[in-house]
Amino acid sequence: MKSIHADEALSVMSGREDYDAALARLREVSQAYYGDGDSPLDDAAYDRLRLAVLAWEQAHPDEVAADSPTGLVGDGAAPVGDVAHTTRLLSLDNVFDPAGLVAWGTSLQRRLGHEPAGGFTVEPKMDGAAVAARYRAGRLEQIVTRGNGTHGEDVSHVIGTIEGLPEQLPVPATFEVRGEVLFTREQFETANEVRTAHGAQVFANPRNGTAGTLRAKDRPYRLAMTFWAYGAVELDGVAFAPSGATHAETLAAVADAGVRTTAGTPAGLHVVATLAEAQQKVDAIAALRPDLPFGIDGVVIKANDAGEQAAAGFGSRFPHWAIAFKLPAVERHTVLKDVTWEVGRTGVLAPTAILEPVDLDGSTVTRATLHNPADIRRRDLHLGDTVTVYKAGDIIPRVQAAVVGLRPDTAQEVPLPTACPNCGGEIDKSQERWRCAKGSACALPALIEYAAGRDMLDIDGLGKTYVNALIEAGAVTDVADLFVLTEEQLTAASGSAKRGAKLAEQIAAARSRPLSRVFCALGILGTGRSMSRRIAAHFGTMDAIRQADTALMKEVDGIGEEKAPVIVEQVALLAQVIDKLVEAGVNMTEPQEPKATGDGPLADATVVVTGKMSGPLENLGRSEMNTLIEKAGGKAGSSVNSKTTYLVCAPSPSGKPSSKALKAADLGVTVLTPEAFAELVADHLG
Ligand code: IVH
């Protein structure tokens, strides 16, 4: 049989043979998914394959296979149990963009014969497995999977392991609640730890793990999951919610009975009057996605009124009164090709996954962060594995887990370093994060290069090669040594008297950099450019910084419980280096910026900058933008929240707003183009 892959499907499905091959692939993939939980395709690829089949079926209605999985709930592959559902447990039709939502609204209006009068609800589409849970007189008696929508499997063995779905309610209610079971991110991590401890394979992602856990009846361990209801129906003819209750009222009754509902998630359930408002709520929930403690794969919009739901009715697979607005995949499958190790400024060995390039949420991902050796082993990662890569919002992509079912015979456990990848010396393995036994001395070249960088001491021309030469010659053992280098030493390191003289000039100029830059050049953990500026502005002098205890350090904006003691400790550890800097005549005070008067155009404003700048700000990097904001009397923020005054953001070329722009829209934060912002701070430019 000819096999067809999702990416090819759209472009190559030209004839009956291709259609048959695509159907076979669709069945194979959904059977694998409902079987061992390891789907050979990720969601995005699966959706594309399914859409290609649907498109072909629409174009060739006479040739649609009688048993096409596109007409069946769960694409016909979910294990069908022997428990009959009280009423059919259906799926949802999908739209992928605002135009699709508008089209759904038009078809709903056509079915009703008028505009929906009862408004809409908007709630998250939880990415787990659908179940029906039956309560009789307040006791949870049975949990049934969706199956084929008419019959499902009895999975009552999980009763007692699902948060939000209590075994006993505080009220003697009889009803059937319907919703989604899933692993929260935290539960997923714990589940994989428990499984590894039992010699079981890690789950590839939370959703696959849920499907497998619902089916597994004889595991020697139990894994906690969470439930959120998105509906309820009558059971045994006993009335539950008041007759004619809206969707929002039904969920409120479920919550009152003691079961968790989508309304209780941080994304909430919103009741709106129009579809345009529903779209705004979709955008708002999408913007929250990175911060949610569980996975969502879309947002569900429903007609709220029971009468209008009944009038709109049902198709064979889904109700006409509800629609899923699918969000772009934030998780894809790709192949783990290699793992590289770098030694950071503090001597920590940081692993990076090198991946087969994969398109994820609008960007091509080739690398992802890994945590530490123990975590690599916990995730059971092998080179050659198909892995799930996850990215949410602005967060750096990370490797979630291996899809163990797809492991090739040639795969090999990720090798862990036996010597420091930087200096070849011993590794200190006493903590989960391995370090070079030499600590920050190993990373000295990186630290010096960092300190000499444009945003710190700005010693033009002092790059990697000369830094290495100076360290090898023993002329530089810490950042303070830079300021006592002779022109001869610099000439020897750079190989030219002219370059040596130029470097000496640059170093002399670096002596008068403001305290914020000097402090930043120390390379203290958690004190990048912005934080160093805040610390320097707050204390004014290096002496004051050195005298600060944890309580005083916490007074600096953005420094909390966790950071304060680390900074205080590191400042103390650097005492000798700081003394040497003072002795070398390096400036230790922060000039008072005009912002101190508080009357710049950005007085009291908090400004967040995102994306590439344009117009008069085109050449400004993030750090320079932050300086500009502070010069104009404002404060630079890193994330959009209720304290944000302006978001500076160029319109995205794709037209797709960034997550920060969506959040700003939701919170009513003023969004300025770089050009408009440049006008606002014109007096401080240049
Ligand atoms: S409503 C008849 N609401 O998504 C109503 N479904 O892809 C049908 N899902 O089968 C379901 N969150 O398992 C609804 N807030 C939500 C949901 C939700 C997740 C699942 C559900 C459904 C699947 C369709």
Side-chain angles (χ1 to χ4, degrees), residues 96-99 276 279-291 325 327-330 357-367 391-397 453-455 528-531 533-534 558 593 595 600-686:
F96 298 88
D97 51 26
Q279 178 64 55
Q280 281 175 7
K281 292 297 174 195
V282 169
D283 295 342
I285 292 178
L288 284 178
R289 189 186 196 188
D291 303 322
F325 191 114
L327 296 176
V330 287
V358 62
D359 189 27
L360 187 56
D361 198 15
S363 61
T364 304
V365 173
T366 56
R367 297 157 73 87
K391 181 178 168 221
D394 296 330
I395 300 169
I396 307 160
R454 196 152 78 108
D455 285 340
R529 206 50 205 106
S530 288
M531 184 53 80
R533 253 200 310 270
R534 270 183 245 161
E593 294 283 352
K595 73 174 167 109
L602 299 179
D604 296 330
T606 301
V607 183
V608 175
V609 177
T610 189
K612 212 176 144 14
M613 292 298 99
S614 51
L617 308 180
E618 189 172 7
N619 294 322
L620 300 196
R622 201 47 38 94
S623 163
E624 286 148 332
M625 280 298 288
N626 289 348
T627 310
L628 175 61
I629 291 164
E630 287 172 11
K631 268 207 285 184
K635 207 169 82 183
S638 55
S639 63
V640 175
N641 55 42
S642 57
K643 292 190 190 133
T644 312
T645 322
Y646 299 118
L647 173 69
V648 183
C649 161
S652 94
S654 69
K656 185 184 154 209
S658 68
S659 60
K660 284 200 174 81
L662 291 171
K663 199 152 183 190
D666 191 42
L667 294 171
V669 169
T670 307
V671 181
L672 297 175
T673 61
E675 287 75 10
F677 183 71
E679 251 174 61
L680 189 65
V681 296
D683 289 349
H684 299 267
L685 276 175

What pair of heavy atoms forms the shortest contact from Val671 to Ala664, and how long is it? CG2-CB, 3.9 Å
Working to the nearest 0.5 Å, report the span between OG of Ser659 and CG of Asp283. 12.0 Å
Would you indicate whether the side-chain heavy atoms of Val640 and Val669 approach each other to under 4.5 Å? yes
According to side chain to side chain donor-acceptor pair (under 3.5 Å), who are the partners of Ser530, at least two apart in sequence or on a separate chain? Asn626
What are the two closest heavy atoms between Leu617 and Pro674, and how far apart are they? CD1-O, 3.3 Å
Side-chain contact, heavy-atom cut-off 4.5 Å: Ile629 with Val648? no
Over all atoms of both residues, closest heavy-atom pair of Glu618 and Lys612: O-NZ, 4.1 Å
Any chance you could measure Asp683, atom CG, to Lys631, atom NZ, to the nearest 0.5 Å? 11.0 Å
Applying side chain to side chain contact (heavy atoms under 4.5 Å, CB included), name anything that partners Glu679, two or more places apart in sequence or on another chain. none
Suppose we screen for side chain to side chain contact (heavy atoms under 4.5 Å, CB included). Which residues come up paired with Leu327, at least two apart in sequence or across chains? Ala286, Arg289, Ile296, Val299, Phe325
Hits for side chain to side chain contact (heavy atoms under 4.5 Å, CB included) against Thr670, two or more places apart or cross-chain, chain-then-number order -> Tyr646, Leu672
Looking only at heavy atoms, the pair that brings Met613 and Leu620 closest together is CG-O, 4.3 Å
Rounded to the nearest 0.5 Å, how far does CZ of Arg529 lie from CG of Asp455? 6.0 Å
Looking only at heavy atoms, the pair that brings Leu360 and Val365 closest together is CB-CG2, 3.8 Å
Run the side chain to side chain donor-acceptor pair (under 3.5 Å) test against Asp666 and tell me which residues pass, sequence neighbours left out. none
Residue pair Val607 / Phe677, side-chain heavy-atom distance below 4.5 Å: yes
Please report the closest heavy-atom contact between Ala605 and Thr645, naming both atoms and the distance. CA-OG1, 3.3 Å
Pairing residues for Ala287 by the side chain to side chain contact (heavy atoms under 4.5 Å, CB included) criterion, not counting sequence neighbours: Leu662, Lys663
Using side chain to side chain donor-acceptor pair (under 3.5 Å) as the criterion, list what pairs up with Ser614, not counting sequence neighbours. Glu675
Which residues pass the salt bridge (charged side-chain N to carboxylate O under 4.0 Å, His left out) test with Arg622, sequence neighbours left out? none
Roughly how far, to the nearest 0.5 Å, is OG1 of Thr610 from CE of Met625? 11.0 Å
Rounded to the nearest 0.5 Å, what separation is found between the CG atom of Leu647 and the OG atom of Ser658? 6.5 Å
Who passes salt bridge (charged side-chain N to carboxylate O under 4.0 Å, His left out) against Glu624, sequence neighbours left out? Arg454
